[in-house]
There are 2 protein chains.
Amino acid sequence: MTVRRGNTRASILEASVDLFGSRGFAATSLDDIAGRVGVAKQTLLYWFPSKDELLDAVLEQTALELAAVIEAAVRAAADAPLARIEAVVKAVFRPAVRRPALLGLVREVSRLSPAHAERLTMQVQPFVRRATDYLREQMDAGMLRRADPGLVIALAYATVTGIATEPEALRAVEWPVTAIGLRRLRNELIAFVLAALRP
Amino acid sequence: MTVRRGNTRASILEASVDLFGSRGFAATSLDDIAGRVGVAKQTLLYWFPSKDELLDAVLEQTALELAAVIEAAVRAAADAPLARIEAVVKAVFRPAVRRPALLGLVREVSRLSPAHAERLTMQVQPFVRRATDYLREQMDAGMLRRADPGLVIALAYATVTGIATEPEALRAVEWPVTAIGLRRLRNELIAFVLAALRP
DNA sequence: CTGTCTGTCTACCAGGTGGTAGACAAACCT
DNA sequence: AGGTTTGTCTACCACCTGGTAGACAGACAG
């Protein structure tokens, strides 16, 4: 029982994503995580030298997972730009809705520590740039209505995160979005984005 | 110097809004607040019996301020529904942008403590209901295009908060919204909302 | 002038925090 | 076999947290 199989690190990471996500970083103690994993706190500190580096690992893994999802969606989608855009929005939306707390964690972290925020942004950066380039390119080719690509992305990002985190923002009592359902909200959003971009 | 003038409570509240907003509730200690105000921690606990009740006071004051802003905007706006809606969106947007951290605080709180979240929601509730009623009424009168009022509000709320908190979500490096400017984003949003509602 | 009340302080505490030291058990490598 | 490495644990610590007890200084009422 002393030496576990090699999944300890992964279990710690998973539990950390859960707890940091649901309670927030500052409000989650190492003991909380250790308890969830069923391991001593010191085992955590064996795998991750400090709570800060554990947070980094959590963020990095989340970013990598999201990146993989987006890549797959892009690759699977048809070539037409509108279909591609719809696929990407849906791809981003799914994990955002399944784990809305992670978006909250991103906010908390970027408020708490500029260092973490910068690392995070650098991971997001390439995607933003690629999307910007793609939009501009398709606009130049006349496949999309001309607009400021940066503005399109900013608006889409803001809307997706806003929608995804809304039920968690004020989840206690009756609230329109709860009754309406995220899927419909998402479809409305996609319809809007596509309508705005159709040439 | 022992007895201050009556502004101590207000100063504590103000500093708490600032610090809870910028660093988050869990990451702000009573000593932090006391230090900012220039007072001993025990003076805080004289005015507010616990950190939790201080948080309640912060949230309540914020809600009251926001409510006042909205009321004023509605009263000052022209009677036409579209003008009213634009005024309300702008009114909500301004404080949301000036103190985006408060939206983050709302999220943190609703993750951390269902009790606080419920109190918060109950304060928001009447506004949501009034807005829903107003939209439905104007739609019935043919002044607005027919749509699900709840959906309109949910979408608008999500977009406003998403946009307002975006620069703070990932503020470290170059990010489209930083370059674009919130004002323009807001105007795009308003244009969209109005276009969607024009009969 | 004296007693009470209000507001602020210094001193302290119990409990929880992230983190360290080191023992030790299994596995792995000759 | 035996030594080394890897992974986990118990025990501990310095520090910080929210919160309490009580002293005390000014304001104010009689």
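Everything numeric in this text was worked out from a predicted model, so none of it was measured. Order of the sequence lines fixes the chain letters, A, B, ..., with proteins taken first and strands second; residue numbering starts at 1 for each chain.
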A.B. asks: Looking at dG19(D), dT8(D), dG19(C), which one has an atom nearest to any side-chain atom of Lys51(A)?
C.D. replies: dG19(C)
A.B. asks: Specify the closest pair of heavy atoms between Val17(B) and Val58(B), including all atoms of both residues, with the distance to one decimal.
C.D. replies: CG2-CG1, 3.7 Å
A.B. asks: Find the distance Leu44(B):CG to dG18(D):P and express it as a whole number of Å.
C.D. replies: 10 Å
A.B. asks: Once rounded to the nearest 0.5 Å, what's the spacing between atom CE of Met143(B) and atom CD of Glu137(B)?
C.D. replies: 11.0 Å
A.B. asks: Side-chain N or O of Thr8(B) less than 4.0 angstrom from OP1 or OP2 on dT8(C)?
C.D. replies: yes
A.B. asks: Using whole Å, what does the distance between atom C1' of nucleotide dC16(D) and atom CG of Asp32(B) come to?
C.D. replies: 11 Å
A.B. asks: Would you indicate whether the side-chain heavy atoms of Val160(A) and Arg186(A) approach each other to under 4.5 Å?
C.D. replies: no
A.B. asks: Under 4.0 Å between a side-chain N/O of Trp47(A) and OP1 or OP2 of dT8(D), yes or no?
C.D. replies: yes
A.B. asks: Once you round it to whole Å, what is the distance between P of dA23(D) and OH of Tyr46(B)?
C.D. replies: 17 Å
A.B. asks: Distance check needed: dT17(C) C1' versus Leu54(A) CG, whole Å only.
C.D. replies: 15 Å
A.B. asks: Would the base of dG18(C) count as contacting Lys41(A) through its side chain, where contact means a donor and an acceptor less than 3.5 Å apart?
C.D. replies: yes
A.B. asks: Over all heavy atoms of both residues, which pair between Glu108(A) and Ala26(A) is shortest? Give the atoms and the distance, please.
C.D. replies: OE2-N, 3.0 Å
A.B. asks: Which whole-number value in Å describes the distance from Ile33(B) CD1 to dT17(D) C1'?
C.D. replies: 13 Å
A.B. asks: Verify the contact: side-chain N or O of Ser29(B) to OP1 or OP2 of dC16(D), cut-off strictly under 4.0 Å; return yes or no.
C.D. replies: no
A.B. asks: Against Arg36(B), only a single residue in Thr28(B), Asp18(B), Asp31(B) fulfils side chain to side chain donor-acceptor pair (under 3.5 Å); can you say which?
C.D. replies: Asp18(B)
A.B. asks: Round to a whole Å and report the spacing from CZ of Phe48(B) to C1' of dG19(D).
C.D. replies: 16 Å
A.B. asks: What's the CG-C1' distance between Leu45(A) and dA21(C), to the nearest Å?
C.D. replies: 13 Å
A.B. asks: Reckon Leu30(B) touches a base, only the sugar-phosphate, or nothing at all at heavy-atom distances under 4.0 Å?
C.D. replies: sugar-phosphate
A.B. asks: Using heavy-atom distances to pick each residue's nearest nucleotide on DNA chain C, tell me which of Gln42(A) and Asp31(A) is more 5'.
C.D. replies: Asp31(A)
